[in-house]
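This structure is a prediction, so every number in the text was calculated from the model and none was measured. Count residues from 1 along the sequence.
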Amino acid sequence: MSRANALINPTYLLGYIPALNRVYLADKEVRIYGYSLSLNLIKYQSAILRGNTDTAAEILRSIPKEQRNQVARFLEARDLRELALHMTTDPDHKFDLSLQLDDLDAALEITRTILDAEVETKWKAVGDRALAVWRFDLARECFERAGDLSALMLLLLAIGDRAGLAKLAGQAEEKRQNNLAFASRLQLGDTEACVNLLVKTERAPEGGQEWCMGRGRLVARLRCRLYRRVFCVLA
């Protein structure tokens, strides 16, 4: 019988063996089930719940390192996130706690050591939090590393970095994020570059609507492009 069935069927407590940190139960058919149960961990949790941190610190010394992540989750649930941050050995948990505590330097250190596919998500998370606490330089670095050009454009607009915005427009065009490239060049007032992009991406009619006011030479260029397309269709 599986342990899942042991939880469903009535069982009876046989006892606890401290040396093994295991509690044993039996059902009516005298099948024995053993479960891991750390008495020191329970004592530690009890001390925390009573607010007796000194006693908890003493008990912690006797808790195996492999159970520290379990302790950290318990501390986080009790809203003791700073203690949990120092306790956990799980990089993902440590990263989440760092963000919750606005310890962006710790979060950044963790992110820089990650090589897997999730690193972009972490860069974005740090960037968003850095933006919320007005650390614009850090936010910019994070958005650049994450390749989040949309967030980067908004940041560059907010700080008035025209050189950065021009560089971003080129990057967006290389990545074929044409709407973003157009918006960046539009904010720079580079109308000719906007029209060139519209012509390049076969969106000349939109350019004619945008630049018909006071841009005769550029509008004429777009109009010729549009006429050629119409003639090709009619032919």
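Using a 4.0 Å cut-off between charged nitrogen and carboxylate oxygen, Asp103 and Arg81 do not count as a salt-bridge pair. Contact check on Lys94 versus Glu109 returns no salt bridge, with no Lys/Arg side-chain nitrogen under 4.0 Å from an Asp/Glu carboxylate oxygen. Between Arg140 and Glu144, at least one side-chain nitrogen of the basic residue sits less than 4.0 Å from a carboxylate oxygen of the acidic one, meeting the salt-bridge criterion.
A heavy-atom distance below 4.5 Å is found between the side chains of Trp123 and Arg112. The shortest side-chain heavy-atom distance between Glu141 and Leu138 falls under the 4.5 Å cut-off. Thr88 is not listed as a side-chain neighbour of Arg73, based on a closest heavy-atom distance of 4.5 Å or more. Within the 4.5 Å cutoff, the side chain of Leu49 has heavy atoms near those of the Phe74 side chain. You'll find the side chain of Gln187 stays beyond 4.5 Å of the side chain of Met153, heavy atoms only. Contact of the Glu173 side chain with the Phe182 side chain is not registered, since no non-hydrogen atoms from C-beta on lie closer than 4.5 Å. The shortest side-chain heavy-atom distance between Asp105 and Arg135 falls under the 4.5 Å cut-off.
When all heavy atoms of Leu104 and Arg129 are compared, the pair lying nearest together is CD2-CG, 3.7 Å. When all heavy atoms of Ala139 and Gly127 are compared, the pair lying nearest together is CB-O, 3.7 Å. Across Ala84 and Ala72, no two heavy atoms sit closer than the pair CB-O, 3.4 Å.
With Asn40 contributing its side chain and Ile59 its backbone, the two residues share no donor-acceptor pair below 3.5 Å.
Exactly one residue among Asp92, Asp96, Thr111 makes a side-chain hydrogen bond (donor to acceptor under 3.5 Å, both in side chains) with Lys122. That residue is Asp92.
With 3.5 Å as the limit, one finds no donor-acceptor pair spanning the side chains of Thr11 and Asp27.
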